[in-house]
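See structure below.
As the structure lists them, so they are numbered: ligands from 1, and atoms in each ligand from 1. Heavy atoms only: backbone and side chains are in, while hydrogens, waters and symmetry mates are out. Everything numeric here is computed off the predicted structure, so don't read it as measured data.
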Amino acid sequence: MSFASLGLSEEILRAVIERGYSQPTPIQAQAIPVVLSGGDLLAGAQTGTGKTAGFTLPILQLLSSSAPPAASKAPIRALVLIPTRELAAQVEESVRDYGKYLKLNSMTMIGGVNINPQIRQLQGRVDILVATPGRLLDHVQQKTVDLSHIEILVLDEADRMLDMGFIRDIKKILALLPKQRQNLLFSATFSDEIKALADGLLTRPALIEVARRNATAELIEQKIYPVDREKKRALLTHLIKEHNWFQVLVFTRTKHGANNLAEYLNKAGISAMAIHGNKSQAARTRALAEFKSGKLQVLCATDIAARGIDISELPHVVNFELPNVAEDYVHRIGRTGRAGSEGEASSLVCIDEHKLLRDIERLIKREIPVVQVPGFEPDPSIKAEPILNGQNRGQGGRGRSQSTARAGQGRAGGQPRSSGAGKPAGGHGASRGAAPVMHRSGGRGR
Ligand code: AMP
């Protein structure tokens, strides 16, 4: 299967080739013909599958090959709704890149930045609008955007949008669109809520589901590093320095934890920044740009903040703490080894997290190899503590974590997670994948 056989114009093919893609990914091969035929689409695809080009390329094709409706001002013809600001900016960048040989204009409309430049941009020609729901509604309220000529609507990461509480905003926006239009809905998961949304939105949609990365992520090398919660930061520093890891995306459970960890790593001589919802848009954009360019060695992020990050060939993802929801582990490690490149996902697991680890292994249907770093062996006398408010003591930050630890000690006996005390993480055999893995070359030597 080649891009040329999908019916895309010369101009679009040229941009795709320049981007370095040799053949369409499965979601692209299936979605592009459906969208070109004008039908509605319900697609099950995660970030990392190439879904963005899956809807962007055919939309560019459709809009460039048909005349806009007669109107006094060229109207907005396609609306792409995206849950997070980073992702919106990245999708619009892709639209611009794939459409660089076409005469179509696109625009990013996100919150957290001054609205006035957006108002000015809307006064000019915008064919494709990529927006987060909140800011779009701000414009609707100020009557600075006209959605009455939308021909194609995309809801990207619809499950995330619902998770983030955007359902009412989406419904308000849908009510402003023309009844006659093409609808494309992308979602990584299909809850009842998503099904209900799809039922109300889509007309006889084509259904496409590409393999979830959790089932097929063979290219991601996953490892568990057992360690006591208090030694996690030292172990992470050791691993990064020992293996000379660059472009490391580290997940923490909380914003506070991300900040503390970034601060600790900087003191240890590793350049790191935290990226999360409390940071200004400008700070987030700067951190991401420096990380992408390789200037910044480590980015510490919470799940929400990381959702929109699209960095191809990200070599290292580290779970400084395991997520509370096993599905999030899959989303996190999906950040590495994407679109055919290898990646490494390392999890630092303390005794408090054994149950979370078991949930993850049950979900991905495999045991993750355990690597014990000498000098960081868990102390068998340390008992499990409950994880309160997303924090445990391994997080750093003295003030809050001390009190959390006290609260935890009080309840530890009542909630025994300590059945595996003294054993390596996950309660699996101590020998599982131990030293040999550890002494292999660090990462990819980057
Ligand atoms: P997405 O799932 O849209 O976020 O895309 C994930 C990554 O795959 C992005 O970094 C894209 O640049 C890359 N990608 C998309 N399509 C292809 C393709 N056909 N071949 C290789 N890489 C691709």
Query - Atoms of ligand 1 close to K51 [distance to a heavy atom under 4.0 angstrom, numbered from 1] - result: 1 (P), 2 (O), 3 (O)
Query raised in the report: Is Q23 touching ligand 1 with its side chain, its backbone, both, or neither, if touching means heavy atoms under 4.0 Å apart?
Result: backbone
Query raised in the report: Can you find a side-chain donor-acceptor pair between Q247 and H316 that sits under 3.5 Å?
Result: no
Requested in this report: Report yes or no: does Q61 contribute a side-chain atom to a donor-acceptor pair with the main-chain N or O of S9 at less than 3.5 Å?
Outcome: yes
Report task. Could you note down all residue pairs passing side chain to side chain donor-acceptor pair (under 3.5 Å) where residues 167-181 supplies at least one of them, sequence neighbours left out? Result -> R181-N183
Report task. Kindly write out the residues that satisfy salt bridge (Lys or Arg N to Asp or Glu O under 4.0 Å) with K267, not counting sequence neighbours, or none if the list is empty. Result -> E263
Query - Residue part near ligand 1, for F186, under 4.0 Å between non-hydrogen atoms - result: neither
Query - Minimum non-hydrogen distance to atom 1 (P) of ligand 1, winning option of A29, S22, G50, P26 - result: G50
Query raised in the report: Is the backbone of M107 close enough, under 3.5 Å, to the side chain of R96 for a donor and an acceptor to pair up by distance?
Result: no
Query raised in the report: F3 heavy atoms, cut-off 4.0 Å: which ligand 1 atoms fall inside?
Result: 19 (N)
Query raised in the report: Applying a strict 4.0 Å limit to heavy atoms, is R19 in contact with ligand 1?
Result: yes
Query raised in the report: Is the ring centre of Y225 less than 6.0 Å from the ring centre of F376?
Result: no
Report summary line: Quick note on ligand 1: atoms under 4.0 Å from a heavy atom of T52 include exactly 1 (P), 3 (O), 4 (O)
